Amino acid sequence: MILVKLGGSVITDKSKDMTPRMDIIARLTQEIADSGQDCLIIHGAGSFGHIKAKEYCLQDGIGHPDHKQGIDEVQMDMRKLNGLVVDAFHAAGMPVASIPAGAISIFEDGELMELPANIFKHYLDIGITPISFGDVVVDRKKGVCICSGDDIMTHLAKELDIKKCIFVTSEEGIFSHYPPDEGEGPIPDIEHGQDIKFKSMNTDVTGGMERKLELIFNITSTGCDVILLNGLVPGRLKDALEGKEIIGTKVRGG
Ligand code: IPE
């Protein structure tokens, strides 16, 4: 079984509020269906979550004067995006069960405490693909916080003894320096825990890459392999699901 995260930067236009990329959602869901692999799907928020979550400071809890409206709106917007992804799976002929993190998880001070993996396992056992997504969730200390799709990936990879995780992003993979040289590809293979020396003129970019690798190492520490690929390129997700060599970065489980 393979855990797949459809990143918000691929399935939405991150720069425009509530703008889905319908053609890409349709193609990626079709690639998953065509691969014939058993998958568990997570998706991110892109412009359906990050813009308002920031506006209402939801990562910090319930301090904003309009926090109630913020919680309601971001949850509603995420369910709209999830509805579009679910519709696309239906069009591709795949039965799915939508499991919102906000309905079943508990956080404490921004850390995921509970998210019952057995619900996902049950759907998988009866042949239905579970699909979850980043969400506004309850937090015992802060009132609420944001659960990212990455939080769900990390948790389920550990709990369900997953062997392969795929992050579908809008990047070719992990690069050790920015901008890459002309024609240079991403680092193809990284061992769990390998020390990569990142360098860039833009600290935001390297910070982002370093954080991403840290998150991936968290997953590979369970022995699971992680692949990062560019979902904007047709066929790459399907090839990776089928175990073919692709352009991207593979991080080997430790
Ligand atoms: C964020 O999820 C969820 C909300 C902001 C409600 P992610 O952090 O997984 O989303 P992307 O993939 O980065 O857009």
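Read the numbers this way: they start at 1 and go in the same order the structure lists the ligands and their atoms. Nothing here was measured: the structure is a model prediction, and the numbers come from that model.
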Engineer: Using 0.5 Å steps for rounding, measure from the NZ atom of Lys142 to the CG atom of Leu58.
Structural biologist: 10.5 Å
Engineer: Please report which non-hydrogen protein atom sits nearest to atom 6 (C) of ligand 1, along with the residue it belongs to and the distance in Å to one decimal place.
Structural biologist: Val74 CG1, 3.8 Å
Engineer: Looking at Asp125 and Lys121, is there a salt bridge between them, counting it only when a charged N and a carboxylate O are closer than 4.0 Å?
Structural biologist: yes
Engineer: Output the list of atoms in ligand 1 that are nearer than 4.0 Å to some heavy atom of Gly7, sorted by atom number.
Structural biologist: 12 (O)
Engineer: Tell me whether Gly8 has any N or O atom under 3.5 angstrom from an N or O of ligand 1.
Structural biologist: yes
Engineer: Just say parallel, tilted or perpendicular for the rings of Phe133 and His43, cut-offs at 30° and 60°.
Structural biologist: parallel
Engineer: Who's the nearest protein heavy-atom neighbour of atom 14 (O) of ligand 1, and how far?
Structural biologist: Gly46 N, 2.7 Å
Engineer: Return the closest protein heavy atom for atom 13 (O) of ligand 1 as residue, atom name and distance.
Structural biologist: His50 NE2, 3.1 Å
Engineer: Can you list the atoms of ligand 1 that are under 4.0 Å from a heavy atom of Gly49?
Structural biologist: 5 (C)
Engineer: To the nearest 0.1 Å, how far is atom 7 (P) of ligand 1 from its closest protein heavy atom, and which atom is that?
Structural biologist: Gly149 N, 3.7 Å
Engineer: Is a side-chain N or O of Ser176 found less than 3.5 angstrom from the main chain of Lys197, in a donor-acceptor match?
Structural biologist: no
Engineer: Is it the side chain (CB and beyond), the backbone, both or neither of Thr12 that lies under 4.0 Å from ligand 1, heavy atoms counted?
Structural biologist: neither
Engineer: Test side chain to side chain contact (heavy atoms under 4.5 Å, CB included) on Glu159 and Phe120 and set out the steps.
Structural biologist: CA-CA 10 Å; Glu159 294 284 312; Phe120 293 85; over 6 Å; no
Engineer: Just by modelled atom types, is the Thr220 backbone N or O under 3.5 Å from a matching donor or acceptor in the Thr222 side chain?
Structural biologist: no
Engineer: What atoms of ligand 1 come closer than 4.0 angstrom to any heavy atom of Gly134?
Structural biologist: 2 (O), 3 (C)
Engineer: Considering only the protein, which heavy-atom contact is closest to atom 10 (O) of ligand 1, and what is its distance?
Structural biologist: Ala45 N, 3.0 Å
Engineer: Of all the atoms in ligand 1, which lie at a distance below 4.0 Å from a heavy atom belonging to Ile146?
Structural biologist: 3 (C), 4 (C), 5 (C)
Engineer: I'd like to check which ligand 1 atoms, numbered from 1 as shown, lie under 4.0 Å from a non-hydrogen atom of Lys5.
Structural biologist: 7 (P), 9 (O), 11 (P), 12 (O)
Engineer: So which bit of His43 gets within less than 4.0 Å of ligand 1, heavy atoms only: side chain, backbone, both or neither?
Structural biologist: neither
Engineer: Passes side chain to side chain donor-acceptor pair (under 3.5 Å), Asn82 versus Ser98? Steps please.
Structural biologist: CA-CA 8 Å; Asn82 180 247; Ser98 181; 2.6 Å; yes
Engineer: Determine whether Pro20 and Ile11 make a side-chain contact, defined as any pair of heavy atoms from C-beta on separated by less than 4.5 Å.
Structural biologist: no
Engineer: Under 6.0 Å between ring centres: does that hold for His192 and Phe217?
Structural biologist: yes
